[in-house]
Structures are given as C-alpha cells and as structure tokens.
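Dumping the structure here so I can ask a few things about it.
Each ligand, and each atom within it, is numbered from 1 in the order the structure gives.
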Amino acid sequence: MGGPGVTATAAFVERLRAIVGPAGLLTDPADTAPYLADWRGRYRGEAEAVVRPASTAEVAAVVAACAQAGVAVVPQGGNTGLCGGSVPVGGLRQIVLSLSRMNRIRELDAANNTLTVEAGCVLQSIQEAARDADRLFPLSLGAEGSCQIGGNLSTNAGGEAVLRYGNARDLVLGLEVVLPDGRVWEGLRGLRKDNTGYDLKQLFIGAEGTLGVVTAAVLKLFPRPTATATAFLGVSDPATAVALLSVLRSAVGDRLTGFELMSRLCLELVLRHVPDTADPLREAHPWYVLVELSDSGDSADLAERLMDALAPAMERGQVRDAVLAQSEAQGESLWRLRDSMAEAQKAEGISIKHDVSVPVSRMARFIDEASRALERAFPGVRIVAFGHIGDGNVHYNVSFADPAQNAALIEDSEPVNRVVYEVVAALSGSISAEHGLGQLKREEIRRYKTPLELELMRAIKRALDPQNLMNPGKVI
Ligand code: FAD
Ligand code: ZN
C-alpha cells in the first residue's frame with residue numbers, strides 16, 4: 001500500500017484543523033472539488049485537505065506541520081492558471097493551500113507610491129484600491145476578476161500593459177514569503193533602490209509556488225492617466241505591424257500603452273460567437289492592430305496626437321484603414337474585440353495552444369515560418385494568432401475548422417508542438433511567454449533550457465526546498 005494510513009491522515013488533518021480552525025479547513029469532497037481541478041478542466045488531483053489560513057502565522061504553522069509530516073504543499077490563488085500549476089499531481093501526500101482568505105490591503109503609502117497587500121487579494125480589488133487613491137496599479141489581464149496577486153506574482157503574469165509598465169516582476173518592491181520549512185522571510189521593503197546583494201524576491205516571482213508561499217507584497221503604484229486614445233487599424237501583415245510599432249514609439253514614446261495584433265480569422269471568430277460585436281472597419285483586412293495611448297492631460301489632445309502619429313503611415317499605405325474611438329464606450333468596444341478572443345475560441349472548439357515569445361524584431365518571421373511549417377506538415381490547418389505583439393508575445397493556437405479532423409490532431413499534439421517550438425527555439429524565443437510551465441510544459445522545457453540553466457534551477461530548488469515538498473511535479 002503506497003498511500004498513508006487512514007489514521008495518519010486523520011491525525012494530520014486534525015493537526016491542521018487545530019491551526020486554522022474549522023473555517024479554514026475543507027475535507028468534504030463537495031467543498032474541495034473546485035480546488036482540485038484547473039480552470040481549463042484539463043488537470044485534476046487529490047489532496048488530504050484544502051487548507052485556507054487567514055494569516056501569515058497560520059500559513060507558517062501549516063507549512064511547518066507539512067514539512068514535519070512529509071506532506072507536500074500546493075499553493076493556490078484564484079486557480080485561473082493555464083498550465084496546471086495550482087492543482088496537485090498524483091501519487092503523493094499533499095494539501096492544497098488556498099490563500100483566498102488572506103485578502104487584506106495592509107497599507108497604502110501615497111508618498112512612496114506603494115500598496116502593501118496580502119497574497120489572496122483579487123487583482124481587480126487592488127486596481128480599485130489604487131484608483132481610490134488616485135493612483136494606477138497597471139497589471140491588467142482577462143482573469144483579473146478572479147486571479148489573485150499571489151498567483152500573478154508566482155506566474156510573473158503579463159497581460160495588456162506590459163509594453164509600458166512591464167510584467168508582474170517589474171511591479172514589486174518587496175515580498176513576505178513562508179519558506180518550505182515554515183520560517184517566514186520578511187522582505188516587505190518599499191525600496192526602489194536596494195543593492196545589498198542578491199535580489200531574493202525575484203527568486204520567488206515566477207517560481208510557480210515551487211520555492212515557498214508568497215503571503216504579502218509591496219506593489220508599485222503609478223500616476224493615474226487621465227487621457228486615453230484607442231484606435232483599431234487594418235494592416236496587411238505582421239511585418240507592417242512591427243514597423244508601425246517602431247513608428248509609434250518614436251512619435252509618442254511611453255504614451256504607447258497597448259499594441260495588440262490579431263488576424264482576420266480572429267476577428268471573424270469574435271464576430272461569429274460574441275454577441276453585440278461588429279467589424280469596426282468597412283472592408284476586411286488580413287491583420288489588425290489595436291493601439292492604445294494613455295497620458296495625463298486631455299483625451300481630445302491625445303487623440304489628435306495619435307492621428308498625427310498615424311498620418312504618415314496612412315499616406316504610405318502601411319495602415320490600410322483606421323478607426324479612432326470617439327468616446328470611452330467606443331474604446332471599450334474596440335478592446336472587447338481583443339478581450340473576447342479566448343471566449344470566441346472556446347465556442348469554436350478545442351485547439352492546441354501555444355503562448356510563445358521571440359524578440360519583437362523576429363515576430364513577423366516567427367508567424368511566417370511557423371505557419372508555413374505547420375501548413376506543410378498538416379495541410380489545411382487553421383492558425384489563430386493574436387496577442388501582445390508589442391512585447392514579442394503571441395498566442396498561437398492550432399486547430400482544424402472541421403471538428404472531426406480536430407479530434408485526432410488534439411489527441412496527438414506532440415508533432416504540432418514540435419513544429420512550433422522548433423521555430424521558436426531557432427529564433428531564440430521562449431516556449432512560455434507569460435503563462436508559466438506548471439505541469440503542462442514541465443517536460444518540454446528540458447529540451448529548450450541549456451543543461452547549465454537546468455543545473456542552476458535545480459540547485460536553487462534544492463537549496464530552498466531540500467525535501468521537495470513545495471508544489472512538486474511542477475516547473476522542474
Ligand atoms: P493560480 O492559478 O491559483 O496559481 C498559479 C501558480 O502560482 C500555481 O503554480 C500556484 O501554485 C502558484 N501560486 C498561486 N498563489 C501562490 C502564492 N501565494 N504563493 C506561491 N505560489 C502561488 N496570464 C497572463 O500572464 N496574461 C494574460 O493576459 C492572461 N489572461 C488570462 C485570461 C483568462 C480568461 C484566464 C483564465 C487566464 C489568463 N491568464 C493570463 C493566466 C492566469 O490568469 C495567470 O497566470 C494568473 O497570474 C494566475 O493567478 P491565480 O491567482 O489564478 O493563480
Ligand atoms: Zn496573453
């Protein structure tokens with residue numbers, strides 16, 4: 001018998017109950033089920049309990065009890081991750097440690113432009129707290145109504161404002177972390193300058209819960225823009241979109257906040273499946289770019305600035321057609337075309353998804369070469385490509401239009417992945433731009449990191465988590 005004795009489990013669960021109280025412990029399968037499956041419904045695991053501590057001290061006591069009993073810990077935030085990182089893998093004694101009750105904003109320091117928050121704060125509530133203080137917390141993504149800042153930091157989330165403000169990693173000044181042995185690292189400093197050796201917080205950011213449990217963070221706030229200008233452009237190909245990115249950056253600098261690409265097929269899927277959407281341009285174009293500027297000052301001035309910046313490109317024919325949002329509502333409806341991509345794709349059926357990045361200068365080459373190689377290997381294949389082209393990040397999803405043909409493709413996605421990832425590797429890109437590795441790409445990454453990189457990653461893991469109890473079976 002490989003599993004734990006019934007009494008060992010029962011005694012352990014009682015120990016956890018003594019730490020977190022009845023409100024912090026779930027064992028009834030009806031209660032634990034949502035914590036044991038991932039957002040896509042692709043991964044499901046088992047756990048001895050779902051533990052929901054309400055304070056850092058409780059997290060520390062729970063983790064220490066697990067370390068003593070040899071039980072693994074799977075940290076979980078909003079459970080919106082797309083790589084299966086937040087649910088248990090099979091064959092081990094483990095608990096899910098949900099941070100959702102740790103959702104207090106601890107401190108706003110307006111003069112320092114920082115907000116100290118607990119890991120279980122939902123991203124949207126942090127954006128709102130910043131807005132209430134007339135500040136901006138710029139991290140913004142489709143799952144913001146349910147993902148938590150602890151999850152955002154642990155996956156180094158990207159999203160739609162990276163071009164200007166960077167990834168989650170760039171938005172953090174300090175962290176509080178419960179280490180795998182239950183000790184608490186108190187690194188909640190609000191310093192923009194601190195050159196006192198290794199930057200320890202960066203180890204935990206993007207670690208997907210494999211090095212410790214993030215319990216709180218000091219986040220950077222920014223001035224809240226008062227003006228936005230949004231435009232939807234028709235272009236002939238991704239190379240033109242990349243050229244346009246350079247033109248706009250030179251013309252408007254840091255005001256360029258968003259620069260998103262989508263193909264005609266993407267727009268068609270949205271128009272077909274998402275109610276109350278309409279093609280903003282008169283004619284069809286092969287590719288589209290959604291551009292957003294933001295600034296202090298007045299929206300009308302900013303709109304004029306955007307039109308001035310685009311005018312030469314329109315004369316040259318780089319921009320085939322353009323619509324500029326005339327109101328906030330119109331700007332939102334343009335963004336809705338982009339933000340509905342996931343929903344529209346889901347309605348169309350299953351596809352093989354890739355979240356990849358290459359240097360922006362090679363973005364057009366990636367799309368071109370990957371698409372040709374796939375077309376050669378799988379004639380008639382359908383590619384849904386869209387994403388944060390300003391960051392060199394594209395969501396590159398592969399399927400057939402015909403569901404019957406699709407089932408076989410999905411069943412055997414390995415050859416498709418190989419084609420895509422080999423092009424990514426040849427262009428010095430990354431096989432996971434913003435979603436992480438989790439369980440999904442745990443094996444895949446061994447092909448694409450160098451032996452030295454893997455050795456260093458394993459050395460860090462061993463140094464912090466010698467018992468391998470922190471989110472085992474993920475990342476490495
Ligand atoms: P979870 O899914 O709960 O966990 C993710 C990983 O972090 C797991 O490995 C988990 O163990 C670990 N973890 C969670 N909390 C902690 C903690 N406190 N301490 C240590 N480890 C922890 N991602 C992007 O980057 N950009 C996007 O634009 C984007 N859009 C999305 C749109 C939709 C509709 C959906 C469903 C997802 C999207 N995602 C996107 C993916 C996902 O939302 C992000 O990865 C998000 O950061 C995950 O946060 P979470 O709280 O749900 O984390
Ligand atoms: Zn994305």
Is the closest N or O pair between G77 and ligand 1 shorter than 3.5 Å? yes
Check whether any N or O atom of N152, backbone or side chain, sits under 3.5 Å from an N or O atom of ligand 1, and answer yes or no. yes
Which heavy atom of P138 sits nearest to which heavy atom of L171, and what is that distance? CG-CD2, 3.9 Å
Lys/Arg N to Asp/Glu carboxylate O, K461 vs D465, below 4.0 Å: yes
Looking at R382 and E348, does any basic side-chain N land under 4.0 Å from a carboxylate oxygen? yes
Of I126, L173, T114, which is the lone residue that meets side-chain contact (heavy atoms from CB on, under 4.5 Å) with L219? I126
Nearest-neighbour protein heavy atom for atom 5 (C) of ligand 1, which is reported as residue plus atom name and distance: T155 CG2, 3.6 Å
Examine ligand 1 and decide if any of its atoms is less than 4.0 Å from a heavy atom belonging to A342. no
Is V213 in polar range of ligand 1, meaning some N or O pair under 3.5 Å apart? no
Any N/O/S atom, side chain or main chain, of E434 closer to the Zn ion (ligand 2) than 2.8 Å? yes
Give the residue and atom name of whichever protein heavy atom lies nearest to atom 30 (N) of ligand 1, and the separation in Å to one decimal. G142 N, 3.9 Å
Are more than 12 heavy atoms from other residues, nucleotides or ligands located less than 6.0 Å from atom CZ of R446? no
For atom 11 (O) of ligand 1, which candidate among P88, P75, A119, G209 holds the nearest heavy atom? P75
Are any of the side-chain nitrogens in E268 or R264 under 4.0 Å away from the carboxylate oxygens of its partner? yes
As a quick check of understanding, evaluate side chain to side chain contact (heavy atoms under 4.5 Å, CB included) for H388 and L163, giving each step before the final call. CA-CA 8 Å; H388 322 288; L163 186 59; over 6 Å; no
Salt-bridge criterion met for D199 and K201 (N-O under 4.0 Å): yes
Heavy-atom nearest neighbour of atom 8 (C) of ligand 1 within options C83, G387, G85: G85
Run the contact test for H435 against ligand 1 with a 4.0 Å cut-off on heavy atoms, strictly below, and give the result. yes
Would you say H395 has an N, O or S atom lying under 2.8 Å from the Zn ion (ligand 2)? yes
So how far is it from D109 CG to L115 CG, rounded to the nearest 0.5 Å? 10.0 Å
If we only consider heavy atoms of G212, is any one of them less than 4.0 Å away from an atom in ligand 1? yes
Strictly under 6.0 Å, is that where the ring centroids of F386 and Y396 end up? no
Quick check: does G81 get an N/O under 3.5 Å from an N/O on ligand 1? yes
In terms of side-chain geometry, is the basic nitrogen of R255 or D295 positioned less than 4.0 Å from the acidic oxygen of its partner? yes
With heavy atoms only and a cut-off of under 4.0 Å, state how L153 meets ligand 1: side chain, backbone, both or neither. neither
Could you check whether any heavy atom of N79 sits closer than 4.0 Å to an atom of ligand 1, since that is the contact criterion I want to use? yes
Ligand 1 atoms nearer than 4.0 angstrom to some heavy atom of A157 are 25 (O), 47 (O)
Would you say V214 has any N or O atom under 3.5 Å from an N or O of ligand 1, going by distance alone? yes
Within 4.0 Å of some non-hydrogen atom of S154, the atoms of ligand 1 are 7 (O), 12 (C), 13 (N), 16 (C), 17 (C), 19 (N), 20 (C), 21 (N), 22 (C)
Can G158 be said to touch ligand 1, with heavy atoms closer than 4.0 Å? yes
